[in-house]
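Since the structure comes first, as structure tokens, the remarks are kept for the end.
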Protein chains: 2
Amino acid sequence: MATVPVTDEICDTFHTDPARVAVIQASLPTGATLEALSETFKALGDPTRLRMLTALAEAELCVCDLATLVGISESAASHQLRLLRTLRLVRSRRDGRMVHYRLDDDHITGLLAQGLDHVNEAGTRRER
Amino acid sequence: MATVPVTDEICDTFHTDPARVAVIQASLPTGATLEALSETFKALGDPTRLRMLTALAEAELCVCDLATLVGISESAASHQLRLLRTLRLVRSRRDGRMVHYRLDDDHITGLLAQGLDHVNEAGTRRER
DNA sequence: TCAATATATGATAACCTGTTCATATATTCA
DNA sequence: TGAATATATGAACAGGTTATCATATATTGA
């Protein structure tokens with residue numbers, strides 16, 4: 001990503017140099033993208049859903065398998081899976097009475113891996 | 001990540017083949033890692049913080065710059081920055097009265113980019 | 001030291017989230 | 001078709017989260 005030169009302005013009542021704000025503001029994701037992006041990260045930001053997703057990174061699983069694995073009710077699992085499905089984090093495949101879930105695409109495992117990288121590095125780093 | 005062969009079990013009252021559960025459960029992140037990971041994603045899962053982070057991906061910024069840019073009070077910005085600092089998503093540098101913030105490391109931009117990849121692809125894909 | 005400026009923090013209230021419980025839908029098999 | 005099983009869904013409650021307001025701390029320069 002590009003770097004904007006930091007002008008030497010002072011934080012007075014007007015706070016920010018308008019030109020600089022404009023440059024950076026133009027680089028921010030638009031409303032719709034921003035919403036979708038935050039929804040996605042929000043979905044990943046829950047221990048239960050993370051467990052479900054990491055489990056699904058290992059194998060396709062039905063709802064009851066997931067529920068037992070993660071330690072929640074099948075109802076709760078179903079609710080969460082609906083959310084994950086809406087956000088295209090998982091996709092489902094019906095097989096008789098059961099519905100099997102799997103990760104939607106490779107972005108998800110990538111995100112999980114990169115997130116783990118961060119917490120591992122952030123966790124071992126100490127003080128500042 | 002490895003793939004576990006899907007045994008042909010049925011979802012009865014016992015739900016899951018214990019051996020299979022064990023294999024997958026062993027692959028799940030531990031409690032501490034899981035917590036840190038979900039905290040990190042949760043921090044990314046808020047429009048305000050996402051705007052702050054994408055802005056910081058472009059330039060180092062002081063609190064008041066960030067506040068105006070994102071359209072929140074400096075107090076709110078400060079609260080959010082504390083959270084982001086705690087999670088090692090940003091780091092701060094004091095310069096006189098002002099404190100400049102920047103992204104902590106490259107993982108963050110990587111996560112943001114990968115998240116954007118996902119929403120862009122998921123957004124254009126239609127129906128199923 | 002005092003005033004001014006920039007940031008940080010604690011408490012509170014409105015809002016959002018995740019689980020539970022009850023119930024509905026879907027599929028299979030007798 | 002009816003019973004059994006697997007999943008989905010709506011309502012509601014408990015717990016958590018975010019912005020606001022008031023206040024505190026830190027830094028600079030007079």
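Chain letters run A, B, ... following the sequence lines, proteins first, then strands; residues in each count from 1. Computed over heavy atoms, backbone and side chain alike; hydrogens, waters and symmetry mates excluded.
Distance CG (L83(B)) to C1' (dG16(D)): 13 Å, rounded to an integer number of Å. In this structure, the CE atom of M52(A) is 12 Å from the P atom of dG18(C), given to the nearest Å. To the nearest angstrom, P of dT23(C) lies 18 Å from CD of E74(A). The nearest whole Å value for the distance from the CD atom in Q80(A) to the C1' atom in dT17(C) is 9 Å. Remark: C1' of dC16(C) and CG of D46(A) are 13 Å apart, rounded to the nearest angstrom. Between the C1' atom of dA8(D) and the CD1 atom of I72(A) lies a distance of 14 Å, rounded to the nearest Å. Rounded to whole angstrom, the span from the CG atom of L61(B) across to the C1' atom of dT7(C) amounts to 15 Å. Atom NZ in K42(B) sits about 10 Å away from atom C1' in dT17(C), given to the nearest Å.
Between A77(A) and R97(A), it is R97(A) whose nearest contact on DNA chain D lies nearer the 5' terminus. Where R94(A) and E39(A) each meet DNA chain C at their nearest nucleotide, the meeting point lying more 5' is that of E39(A).
With salt bridges taken as basic N to acidic carboxylate O contacts below 4.0 Å, none links E121(A) and R88(B).
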| query | Going through the distances and angles, do V90(A) and D104(A) end up as a side chain to side chain contact (heavy atoms under 4.5 Å, CB included)? | reply | CA-CA 4 Å; V90(A) 303; D104(A) 187 280; 5.6 Å; no

| request: Run the numbers on L34(A) and R51(B) for side chain to side chain contact (heavy atoms under 4.5 Å, CB included), then give the verdict. | output: CA-CA 8 Å; L34(A) 185 79; R51(B) 271 193 232 113; 3.4 Å; yes

| message | Walk me through whether L89(B) and L103(B) qualify under side chain to side chain contact (heavy atoms under 4.5 Å, CB included). | response | CA-CA 6 Å; L89(B) 291 174; L103(B) 298 187; over 6 Å; no

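Interface remark: the S75(A) side chain does form a donor-acceptor pair with the dT9(D) base, using a distance-only criterion of under 3.5 Å.
Between F41(B) and F41(A), the ring planes are parallel. Angles under 30° get that label, and only those over 60° would be called perpendicular.
The side chain of R85(B) lies closest to dT9(C) when the candidates are dT9(C), dA8(D), dT7(C). Among the nucleotides dT20(C), dT7(D), dA19(D), the one closest to any side-chain atom of A76(A) is dT20(C).
Taking side-chain N and O atoms only, S73(B) has a distance below 4.0 Å to OP1 or OP2 of dT20(D). At the phosphate of dG10(C), OP1 or OP2 sits under 4.0 Å from a side-chain N or O atom of R82(B). Contact between the side-chain N/O atoms of R49(A) and the OP1/OP2 oxygens of dG18(C) is found at a separation under 4.0 Å.
Stacking of the aromatic ring of H79(B) onto the base of dT9(C) is found: the ring centres lie under 5.5 Å apart and the planes are inclined by under 30°.
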